Structure formats: structure tokens, C-alpha cells
> 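Pasting a structure below so you can have a look.
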Number of protein chains: 2
Amino acid sequence: MSKPAFNRVAPDARRLSLIEATARVLARGGANGASVRAIATEAGVSPGLVAHHFGGVDALIAATYAQVSEQVSAALDAAVAAAGDDPQARLNTYVAASFAPPIADPALLATWTAFWGLVVAQPAIAALHDAQYAGYRAELEKLLTACGLAPAATRRAAIAITALVDGLWLELCLSPAALDADEARAITEAQIAALVR
Amino acid sequence: MSKPAFNRVAPDARRLSLIEATARVLARGGANGASVRAIATEAGVSPGLVAHHFGGVDALIAATYAQVSEQVSAALDAAVAAAGDDPQARLNTYVAASFAPPIADPALLATWTAFWGLVVAQPAIAALHDAQYAGYRAELEKLLTACGLAPAATRRAAIAITALVDGLWLELCLSPAALDADEARAITEAQIAALVR
DNA sequence: TTGCTTGTTGAACGATCGTATAATAAGCTT
DNA sequence: AAGCTTATTATACGATCGTTCAACAAGCAA
């Protein structure tokens, strides 16, 4: 009988497992608690695997950032795809998705603030943020253009909407008692209506 | 001759010195680099002083949060006080001050993200945030009311402006290349004009 | 079955973490 | 000038940090 001493898994699958464990640990205890041992325990593996698959904990955290960013983008895209054809409805759906699960999640906030805290010291994390932000704004500009917004105004409108959504999302997660998703949605829809009228 | 082995300083002054050192260390290396020894070295004192004056590093960081929050509020209030009597000019000045020094400072962002990262794990920090946010919004509601905004609309307008300013400020500090203060100011002024028209 | 590749473990390393504590001395009171 | 309070230092402690590495074994190829 003698069950195996460990599970041998394909590198990609193991990397994903470690990334998901990192996200959970970050969400639970913030950046301070995200040690190699805590992550490894969460993933059910030995600490040495982090160095083996990622070279170091910094690279693992960066990879987690990239993966979480991708999931957020995917969730937003899926919401838009299910929104039908009306351009303004698509735009509203896009921003409203930021205030609903899985995006408006305290766990996601914890992950995100951990990343922001690393931007200061780690240029690689800063570069990831810039790329993610640019992609988000590009998607928003496409939706705005589809609404008939003048090309000269799209950039500024996209920045304004992004900032408003980020600010509301942040407050929604930081102190849920002061703001709920319905109100956040109503505020952004009023703003959008004023911009693309 | 024999110069003194150390400077004996009044407790309040020493506490302030340690708080300021903490802010500098947080700004320089983020929350990860803000160790007791790093702070003590920055302040030019022995590590033991942190425990003596604050009981622990967590309390020191919380005190730094409180002090930085107070400085931000003071800077905003000073800007408004110098803005004259026109209600809408006062409102515009209030939000515009968020995009100029000393508030739109990468160092301040680093300090702030460090605090956000601690909100997850430390309820005391979360309570500080709630209080600071409530105070900020209350001030904004006063300025909005002075502009003649209907009482029923002030709450929502204050939330919208706060979120917009926070989002712009965040992006302004995180990736200055993608946004400058003038554009942030123009965006908020357009938003305010639409709200209090 | 045998051999090989390599994912995985667990221990060990030095560095650094936060905190506690005894000894010291600075500055005020008397 | 003597004494007292206490701010301050320097050191030490145990815990935990990220990383390294030799040994092991799981799963595939032959």
C-alpha cells in the first residue's frame, strides 16, 4: 500500500497552485503575512518549491499580480460580452461589474493594496501596474467610442471614469459600511450619462 | 570636554521625531522596509526607544498614520482658507490641492499604501481610515452646501467627488507619466461644474 | 523491469525581525 | 553639590525571514 510521499505535478499546474495560494495568503493577512512558509503551507507543499518554480518570493508575488489582473480583466470582459449590443448599456455594464463579485471583494482589495505597497520598492511591480492600467483604459476608450464620443474627448473621459470607478471600488472595499454597490453604480451611471450625452 | 553620549529630549518631541522618521522610511521602502531598526536609525536613536515611547512598532505606525492624515487635512484647509469667499472657487481649490504638493507626493502615496496594506490585518488602522474618510467627506459636504447644492444631493455628490479625487490622486502618484496635475484638475473641475450647476 | 529525468522534500544557513532588560547618564530638583 | 527621575543605549533573546542544497522518489521511457 504505502501511499506516495508527495504528488508530482506538472510545472505549470504547480505554479498556478502556488499563485492561487499566494493570493489567498495576501488576502488573509496582507503583504506582511505573505512569507514563503505561509504560502507553501497554504499550497500544501514544501517551502523549497517557491525557489524552484519562481526563483524567489518576489517573482511569485509579481506572478500573482499578473494573474489576478488577468482575472479581473476577464471578469469585466465577460460582463460586457453578456450585456447585449447597446453601446451605452455595454459601457454601464463594464463599470458596474467593478462593484460586484468577484471584483468588489475585500480579499481582492487586500491583494491589490499589497501590490501597491510593493510598487514603491520594486520597479517590476510598477511596470506591471502601468501595463494593466493602460489596458483597462484602452478597453474603456473603445466602449466610449462606440457610444459616439468624439475622439478628442475619449482620453479624458476614460481617465475620469477610471478614476471614479477606482475611487468608489476602493472605498467600497475599505469601509463597506459607508457605501454600497447600488450607490456606487448609480454614481458612475450618472457620470457616464453626463459624459456621453 | 567629553561631549554627551546622547541627547535627552522631551517625550513629545521624541515621539514626533520617531513619527517623522517612520514616514520617511515608509516613503522610501514601503511597508516591508519599515522595521524598528530602520526607523530608529533614520531617527538617529536606539531601537529600544520605539518600545519605550510607543510600546511597539504597530502603535508607532498607527501614530504615523494619524499624523500624516492630520497634515493632509491641514494642507487642504489652508488651501481653502486662502481661496477667498466664492463658494465654488473654494470647492475647486479644495480638490485641486489634492493634486499639488505636499499631497500629490510619491512619498505620501508610499505612506498611504503602506497603511492600506495594514487595514486588512489591523482593525485599529481600519478605524483610523474610517474616521479620516468621514472627516474628509464632511468637509466636502460643507463646501457643497455653500455652493447651494440641495441637501438631498450633497451626500452622493460628496462621495462622487471624493472617489474621483482619490482615483486621480492614486493614478497621479502611481504612474505620473500617464497623467499630470493639470489634467486631473481639469477633470475634477468639469465634474464639479456638472454637479453644482 | 530498469534507468533516467526532475519535481519535491526537509533540514540547515545566516540575516533580520520585534521585543525585553540591565546598565548608563542627562538634566532637573533640592 | 548631591540626589533623583527617567530618557537612552547597548546587548541579548527567541522567532521568523528568504534562500540554498543534498537526498529522495514519482512517473515516464526504454
Side-chain angles (χ1 to χ4, degrees), chain A residues 1-22 25-26 28-65 114-115 117-118 121-122 124-125, chain B residues 1-22 25-26 28-65 114-115 117-118 121-122 124-125:
Chain A
M1 41 170 291
S2 75
K3 64 180 177 186
F6 57 86
N7 281 348
R8 196 188 186 90
V9 173
D12 286 341
R14 182 65 77 190
R15 267 189 281 267
L16 182 59
S17 169
L18 281 169
I19 284 173
E20 288 171 345
T22 303
V25 170
L26 281 174
R28 187 192 312 141
N32 274 0
S35 69
V36 170
R37 284 171 179 80
I39 293 170
T41 300
E42 175 73 26
V45 299
S46 164
L49 268 198
V50 170
H52 185 256
H53 283 296
F54 290 92
V57 70
D58 291 344
L60 172 54
I61 290 179
T64 306
Y65 190 2
F115 292 140
L118 296 177
Q122 304 200 21
I125 300 280
Chain B
M1 39 170 293
S2 76
K3 63 181 177 186
F6 57 86
N7 281 347
R8 195 188 186 91
V9 174
D12 285 342
R14 182 65 78 189
R15 267 189 280 267
L16 182 59
S17 168
L18 281 168
I19 285 174
E20 289 171 345
T22 304
V25 169
L26 281 174
R28 188 192 311 142
N32 274 0
S35 68
V36 171
R37 284 170 180 80
I39 293 170
T41 299
E42 175 73 26
V45 299
S46 164
L49 268 197
V50 171
H52 185 258
H53 285 296
F54 290 92
V57 70
D58 291 344
L60 172 53
I61 290 179
T64 305
Y65 190 5
F115 293 139
L118 297 176
Q122 305 201 21
I125 299 281

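Here is the naming used below: chain letters follow the sequence lines, and residue numbers restart at 1 for every chain. If you're wondering where the values come from, they're calculated on a predicted model, not measured in any experiment.
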> Does a side-chain heavy-atom distance below 4.5 Å link Val45(B) with Arg14(B)?
yes
> Please examine the side chains of Ile39(A) and Leu26(A), heavy atoms only from C-beta on, and report whether any two atoms are closer than 4.5 Å.
no
> Categorize Val50(A) for me: base, sugar-phosphate, or nothing, with a 4.0 angstrom heavy-atom threshold over every strand shown.
nothing
> Determine whether any donor atom in the side chain of Arg8(A) lies under 3.5 Å from an acceptor atom in the base of dT6(C), or the reverse, and answer yes or no.
yes
> Determine the contact category for Arg14(A): base if any of its heavy atoms lies under 4.0 Å from a base atom, sugar-phosphate if only primed atoms, P, OP1 or OP2 are that close, otherwise nothing.
sugar-phosphate
> Would you say Phe54(A) and Ile61(A) make side-chain contact, with heavy atoms under 4.5 Å?
no
> Touch check for His53(A), heavy atoms < 4.0 angstrom, all strands: base, sugar-phosphate only, or nothing?
sugar-phosphate
> How close or far is atom C1' of dT9(D) from atom CG of Asn7(B), stated in whole angstroms?
13 Å
> Please tell me which of Pro11(A) and Gly33(B) maps to the more 5' nucleotide of DNA chain C, matching each residue to the nucleotide holding its nearest heavy atom.
Pro11(A)
> Is Ser17(A) reaching over with its side chain to a backbone N or O of Ala13(A), donor-acceptor style, under 3.5 angstrom?
no
> Base, sugar-phosphate, or nothing for Val36(B), non-hydrogen atoms under 4.0 angstrom?
base
> Please report, rounded to the nearest Å, how far the C1' atom of dT16(D) is from the CG atom of Asn32(A).
13 Å
> Across the strands shown, which category fits Ala51(A) at heavy-atom distances under 4.0 angstrom: base, sugar-phosphate, nothing?
base
> Separation of Ile61(B) atom CD1 from dG18(C) atom P, in whole Å?
8 Å
> Gly55(A) or Pro47(B): which one's nearest nucleotide on DNA chain D is closer to the 5' end?
Pro47(B)
> Please give, in whole Å, the distance from dG18(D) P to Asp58(A) CG?
9 Å
> Rounded to the Å, how far apart are His52(B) NE2 and dA26(C) P?
17 Å
> For the side chain of Val57(B), starting at C-beta, report the closest nucleotide among dT19(C), dT9(C), dT20(D).
dT19(C)
> Between Arg37(A) and Phe6(A), just flag the one whose closest nucleotide in DNA chain C comes earlier from the 5' side.
Phe6(A)
> Rounded to whole Å, please give me the gap between CG in Leu49(A) and C1' in dC21(D).
14 Å
> To the nearest Å, how far apart are Ile39(A) CD1 and dG18(D) P?
8 Å
> Quick one: is dT16(D) close enough that its OP1 or OP2 comes under 4.0 Å of any side-chain N or O from Ser35(A)?
no
> Side-chain contact test, heavy atoms from C-beta onward, threshold under 4.5 Å: evaluate it for Asn32(B) versus Leu118(A) and give yes or no.
yes
